[in-house]
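Only heavy atoms go into these numbers, but all of them, side chains included; no hydrogens, no water, no symmetry mates.
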Amino acid sequence: RKKLADPPRELKGSLADLEALLGNAVLLSDIEIMPEWPSPEAFASALVVPIGTSSMPHGTIWFWSENPRTFSPTEVEVANLAAGRVMAEIEQSILGHEVSRSREVQKQIDTASLTQASMLPDTQILHEDFDISGWTLQNSGLGGAFHHWDFVPSGMMTFAIGQASHGGPEGSIVATSALAMLRTLWNQGSTPSQILRAINDLNWSMVEADWKIALSLLQFNPVTGYGSLCNSGEMQSFIVSCRGFRPIGNSQPLVGAQPDSQFNVSRFILQPGEVLVTYTPHLFLNCMVESASLTGKHAFPSSEPIPKKPLDQTGLLNIVRDLCDESANDIAGYLARLLTQPAAQSQPEHDRSLILIKNIRKPIP
């Protein structure tokens, strides 16, 4: 038993071990007259069989005899069976270790996902004249999408939404870093364009990994209704009313994609009754909805069987337009239910986020 606890032996010069690791049984009938085949123990003869296969070797087993002797085919077969049993025990031990490790890793991921989810905004009302709602759907426990809103010391309402180039734990690190940095810079009075440049400079310097992220930052004056917006990547932002919808902002480089990127600011005003909707790329991928839902015929789920078709940007904006009289929470909830419906064909899922800002101030007569 003491030998089993010893560290692995050096294989240099051990021809019997090396030959056995190639998948062959080695028979040493008289070790004394075979000095080129040294034995790690002082015995007269030995049988060496491999554990594992030639393509996946794990080690060798030595069977010794105190007297010189030969080994029959039956004895060689028995030795191979013993090696196979040892291999099975090793694999079971490895499997048990991997299962235990997998459970521990999953437990850590679950804890981290709860921590990441706790950074999302709550339902607290920011301003009595604005109805705000939003959500983030991660493809797995951890993800690269997020949304955020807050009141900053300057009296402005601030909104952020983003999606890292990758999902999972890698994307969550990028998203959490960006969220922490922009919250700090907003409290210091930085503008959306200044924040994007600062995050871009930091992420571009992280050359050992992919730190690219699509971000949309909004700064909004609740008194006047005037705001500024900076988009990066393929972020989309629209102002929607019962009369239709219009885009704000434009596509710009991903944050972290290149050095010294400039992020242009778009100005807008959100009139009473209008809804500002902004969302991450890939929002519609893998989504099929009832065709009648895209026309407003059935604003909410119906029991009638209705043909389905892919949801696209125009369809989503038409839904928001048709539901303009509903609360932001109802609109966002309805869109979340639509976007989580299974598609006809299986496609890769993406992390997704959406924000709705509705001006509920009564128009001045």
Side-chain angles (χ1 to χ4, degrees), residues 97-126 132-153 157-188 190 192 195-196 198-206 208-218 232-233 235 254-256 278-283 285 328-329 332-333 335-337 339-340 348-357:
H97 175 73
E98 289 298 323
V99 169
S100 176
R101 183 173 180 273
S102 177
R103 289 175 178 172
E104 181 62 28
V105 170
Q106 186 59 50
K107 183 179 179 180
Q108 294 177 9
I109 289 177
D110 292 342
T111 301
S113 65
L114 292 174
T115 302
Q116 186 183 28
S118 71
M119 299 179 67
L120 299 177
D122 55 29
T123 57
Q124 181 179 358
I125 298 175
L126 286 186
I132 302 166
S133 186
W135 43 255
T136 290
L137 303 175
Q138 309 286 20
N139 184 39
S140 58
L142 287 173
F146 72 90
H147 69 284
H148 173 74
W149 54 70
D150 201 359
F151 243 117
V152 294
M157 290 193 300
T158 57
F159 301 84
I161 183 170
Q163 177 189 334
S165 296
H166 298 279
E170 181 182 3
S172 72
I173 293 174
V174 178
T176 302
S177 172
L179 177 57
M181 190 170 180
L182 69 88
R183 291 178 65 174
T184 300
L185 294 174
W186 247 328
N187 286 326
Q188 295 175 356
S190 301
I195 293 173
L196 288 183
I199 298 176
N200 183 79
D201 291 343
L202 176 64
N203 287 14
W204 170 253
S205 67
M206 312 289 264
E208 299 300 327
D210 186 353
W211 281 74
K212 294 190 290 293
I213 184 171
L215 287 172
S216 184
L217 306 185
L218 294 88
S232 69
M235 299 294 298
L254 283 167
V255 171
T278 181
Y279 49 85
T280 56
H282 312 298
L283 188 74
L285 185 65
N329 190 60
L335 293 175
R337 290 192 295 274
L339 292 165
T340 53
E349 291 284 357
H350 290 270
D351 305 325
R352 297 169 287 177
S353 291
L354 176 143
I355 288 178
L356 288 166
I357 310 167

field: Residue pair L215, F146: steps toward the side-chain contact (heavy atoms from CB on, under 4.5 Å) verdict
entry: CA-CA 10 Å; L215 287 172; F146 72 90; 3.5 Å; yes
- line: In short, T280 meets D351 closest at the heavy-atom pair OG1-O, 4.2 Å
message: So, using side-chain hydrogen bond (donor to acceptor under 3.5 Å, both in side chains) as the criterion, who are the partners of H148 when residues are at least two apart?
response: none
- prompt: Pick from L126, L218, I195, V152: which one makes a side chain to side chain contact (heavy atoms under 4.5 Å, CB included) with T158?
  reply: V152
- prompt: Which residues satisfy the side-chain hydrogen bond (donor to acceptor under 3.5 Å, both in side chains) test with Q108, sequence neighbours excluded?
  reply: E104
- request: State, with a plain yes or no, whether a side-chain heavy atom of H282 is found less than 4.5 Å away from one of Q163.
  value: yes
field: Side-chain heavy-atom pair T278, L354 within 4.5 angstrom cut-off
entry: no
query: Can you say whether the rings of W149 and F159 are parallel (under 30°), tilted (30 to 60°) or perpendicular (over 60°)?
result: tilted
message: For the OG atom of S216 and the CD1 atom of I161, what is their distance to the nearest 0.5 Å?
response: 7.0 Å
- prompt: Can you tell me if CD on Q124 sees more than 12 non-hydrogen neighbours from other groups inside 6.0 Å?
  reply: no
- request: Sequence neighbours left out, what passes side-chain hydrogen bond (donor to acceptor under 3.5 Å, both in side chains) with T136? Give chain and number order.
  value: H147, S353
message: Could you work out, with side chain to side chain contact (heavy atoms under 4.5 Å, CB included) as the rule, every residue matching S165, not counting sequence neighbours?
response: D210, K212, L254
task: Please confirm whether the backbone N or O of L142 pairs with a side-chain atom of S113, one donor and one acceptor, at under 3.5 Å?
output: no
field: Side chain to side chain, P281 and M235, heavy atoms closer than 4.5 Å
entry: yes
field: Close side-chain approach of W135 and L356, heavy atoms under 4.5 Å
entry: no
statement: By side chain to side chain contact (heavy atoms under 4.5 Å, CB included), V105 pairs with (sequence neighbours left out) R101, I109
- prompt: Hey, is the main chain of L202 close enough, under 3.5 Å, to the side chain of S205 for a donor-acceptor pair?
  reply: yes
Counting only pairs under 3.5 Å, give me each side-chain donor-acceptor contact of residues 173-187, with atom names and distances, residues two or more places apart or in other chains.
{"unit_1": "T176", "atom_1": "OG1", "unit_2": "S172", "atom_2": "O", "d": "2.7"}
{"unit_1": "T184", "atom_1": "OG1", "unit_2": "A180", "atom_2": "O", "d": "3.0"}
{"unit_1": "N187", "atom_1": "ND2", "unit_2": "R183", "atom_2": "O", "d": "3.1"}

- prompt: Counting heavy atoms not belonging to L114, are there more than 12 under 6.0 Å from its CG?
  reply: yes
- prompt: Looking at S133 and A332, what are the two nearest heavy atoms and their distance?
  reply: OG-CB, 3.5 Å
- prompt: Nearest 0.5 Å, what's the NE2-CG distance between H350 and N139?
  reply: 8.5 Å
- prompt: Nearest heavy-atom pair of G171 and A164: which atoms, and what distance?
  reply: O-CB, 3.7 Å
task: Please list, chain by chain and in numerical order, all residues satisfying ring pair (Phe, Tyr, Trp, His ring centres under 6.0 Å) with Y279, sequence neighbours excluded.
output: F284
